Amino acid sequence: MKLVEGEATVGNVGEFVARLDEIGDDHDCTVQAFDANYVVSRAHLSRALDLADRARERGEAVARDRGVEVMLYAAGRRQIDRALECGVREGREPVVVLVAADGADDPVRAERAAASAVATELDQCGTLGEFDSERVRTYFDIGDVELDATDADLEALVLERVALLDVEK
């Protein structure tokens, strides 16, 4: 898995997503963009990818598309429309784009090439870890009581939400 960070100016979400899908198709990779304000860490997306792949292997996936399944896990939601809230929107915003090989003969090379192509679509800058804590807390329903009751930080609680999605099925 590779992550490409930057800012995107999205005039039309459908066209932007179609361009990322085209890059993914060209390189036999899943390419999924996230609003960086909702992504707490690399581990957040890595765990989402691992769990989405496991669900697909077991025939338990909700979505037909691997990228959408990853988004469901990253969002900790089973409803696609609710999970899309973590995706890109029109306007200029910080994004993190996940690139993961789908079965290419040389997955490292495929991911590298796809990530390079994605990078041309963004104004590259560091966005990972620059999430909006209040937005994350609201979206993942993490209140003061929960934070006060544990030594875990916000990242750990979000990772728990991602993992708990399997339990809620």
Side-chain angles (χ1 to χ4, degrees), residues 1-91 93-104 107 110-122 127-128 131-132 135-136 138-141 155 158-169:
M1 172 185 90
K2 291 210 172 290
L3 299 179
V4 183
E5 305 171 55
E7 289 192 353
T9 302
V10 179
N12 179 294
V13 173
E15 290 174 9
F16 183 77
V17 170
R19 175 67 186 125
L20 295 181
D21 286 344
E22 184 179 296
I23 291 169
D25 291 344
D26 289 348
H27 300 285
D28 199 15
C29 289
T30 294
V31 177
Q32 183 64 53
F34 297 87
D35 179 336
N37 288 303
Y38 291 95
V39 179
V40 298
S41 65
R42 177 180 182 80
H44 180 182
L45 295 181
S46 180
R47 180 167 292 172
L49 176 63
D50 290 345
L51 293 171
D53 284 347
R54 186 176 74 180
R56 291 171 61 82
E57 287 167 10
R58 293 178 174 178
E60 299 171 353
V62 171
R64 283 176 258 161
D65 180 81
R66 183 182 186 211
V68 174
E69 191 71 17
V70 171
M71 182 163 289
L72 289 169
Y73 275 94
R77 303 280 193 283
R78 286 281 103 202
Q79 302 86 16
I80 292 172
D81 61 332
R82 186 82 164 97
L84 289 175
E85 212 173 300
C86 292
V88 295
R89 283 178 287 293
E90 289 184 1
E93 67 177 355
V95 298
V96 177
V97 181
L98 176 143
V99 176
D102 281 333
E111 287 175 357
R112 191 177 304 132
S116 179
V118 168
T120 66
E121 302 293 321
L122 307 177
T127 59
L128 196 58
F131 59 91
D132 180 328
R135 189 181 296 186
V136 168
T138 299
Y139 185 76
F140 288 98
D141 195 26
E155 177 187 8
V158 169
L159 293 176
E160 180 180 79
R161 295 298 198 281
V162 171
L164 285 174
L165 190 59
D166 275 338
V167 174
E168 295 173 0
K169 284 184 186 176

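Being a predicted model, the structure only gives us computed values, none of them experimental.
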Enquirer: Under 3.5 Å, is there a donor-acceptor pair between the side chain of E155 and the main chain of V40?
Expert: no
Enquirer: Roughly how far apart are C86 SG and Q32 CD, rounded to 0.5 Å?
Expert: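 C86 atom SG to Q32 atom CD measures 10.5 Å (nearest 0.5 Å).
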Enquirer: Over all heavy atoms of both residues, which pair between A8 and L122 is shortest? Give the atoms and the distance, please.
Expert: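 What the structure gives for the nearest pair is CB-CD2, 3.7 Å.
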Enquirer: Within the 4.5 Å heavy-atom criterion, are E121 and V4 side-chain neighbours or not?
Expert: no
Enquirer: Using the six-membered ring of F140, assess whether NZ or CZ of R135 lies under 6.0 Å from its centre and within 45 degrees of the ring axis.
Expert: no
Enquirer: Please report the interatomic distance CZ(R42) to CZ(R47), rounded to the nearest 0.5 Å.
Expert: 14.0 Å
Enquirer: Looking at every non-hydrogen atom in both residues, tell me the closest pair between A83 and L72 and how far apart they are.
Expert: CB-CD2, 3.7 Å
Enquirer: With rounding to the nearest 0.5 angstrom, report the OG1 to CG distance, T30 to D25.
Expert: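 Answer rounded to 0.5 Å: 9.5 Å.
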Enquirer: Please evaluate residues M71 and F34 with respect to the criterion side-chain contact (heavy atoms from CB on, under 4.5 Å), reporting the C-alpha separation (whole Å), side-chain torsions for both, the decisive distance (0.1 Å), and the verdict.
Expert: CA-CA 8 Å; M71 182 163 289; F34 297 87; 3.9 Å; yes
Enquirer: Would you verify whether the NZ or CZ of R77 falls within 45 degrees of the ring axis of Y139 while also being under 6.0 Å from that six-membered ring's centre?
Expert: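 Judged by the rule, R77 and Y139 form a cation-pi pair.
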Enquirer: Quick one: pull up CG in L164 and CG in L51 and give me the separation to the nearest 0.5 Å.
Expert: 10.5 Å
Enquirer: If we only count heavy atoms from C-beta on, is the D26 to E22 side-chain gap below 4.5 Å?
Expert: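 In contact.
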Enquirer: If only atom types and distance count, is the side chain of E69 paired as donor or acceptor with the main-chain N or O of A63 below 3.5 Å?
Expert: yes
Enquirer: Using every non-hydrogen atom in the two residues, find where A100 and L49 come nearest and quote the distance to one decimal.
Expert: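 Nearest heavy atoms, A100 then L49: CB-CD2, 3.8 Å.
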Enquirer: Can you see which heavy atom on V99 is nearest to which on V31, and at what distance?
Expert: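 Looks like CG2-CG2, 4.4 Å.
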Enquirer: Using 0.5 Å steps for rounding, measure from the CG atom of L20 to the CG atom of L98.
Expert: 11.0 Å
Enquirer: I'd like to know if the side chain of H44 reaches the main chain of A74, judged simply by a donor and an acceptor atom lying under 3.5 Å from each other, with no hydrogens or angles considered.
Expert: yes
Enquirer: Can R89 and V10 be said to form a side-chain contact (heavy atoms from CB on, under 4.5 Å), step by step?
Expert: CA-CA 7 Å; R89 283 178 287 293; V10 179; over 6 Å; no
Enquirer: Could you give me the CA-CA distance, side-chain angles and deciding distance for Y73 and R161, then say whether side-chain contact (heavy atoms from CB on, under 4.5 Å) is met?
Expert: CA-CA 9 Å; Y73 275 94; R161 295 298 198 281; over 6 Å; no
Enquirer: Between E111 (side chain only) and M1 (backbone N and O only), is there a donor and an acceptor less than 3.5 Å apart?
Expert: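 Pair found, side chain donor or acceptor close to backbone of M1.
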Enquirer: Do you know which two heavy atoms are closest between D102 and C29, and how far apart they sit?
Expert: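 In this case the closest contact between D102 and C29 is OD2-C, 3.2 Å.
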Enquirer: Can you tell me how far CG of D35 sits from CZ of F131, rounded to the nearest 0.5 angstrom?
Expert: 13.0 Å
Enquirer: What verdict does the side-chain contact (heavy atoms from CB on, under 4.5 Å) test give for D53 and R66, after you've listed the backbone C-alpha separation in whole Å, the side-chain angles of each residue and the deciding distance to 0.1 Å?
Expert: CA-CA 8 Å; D53 284 347; R66 183 182 186 211; 2.9 Å; yes
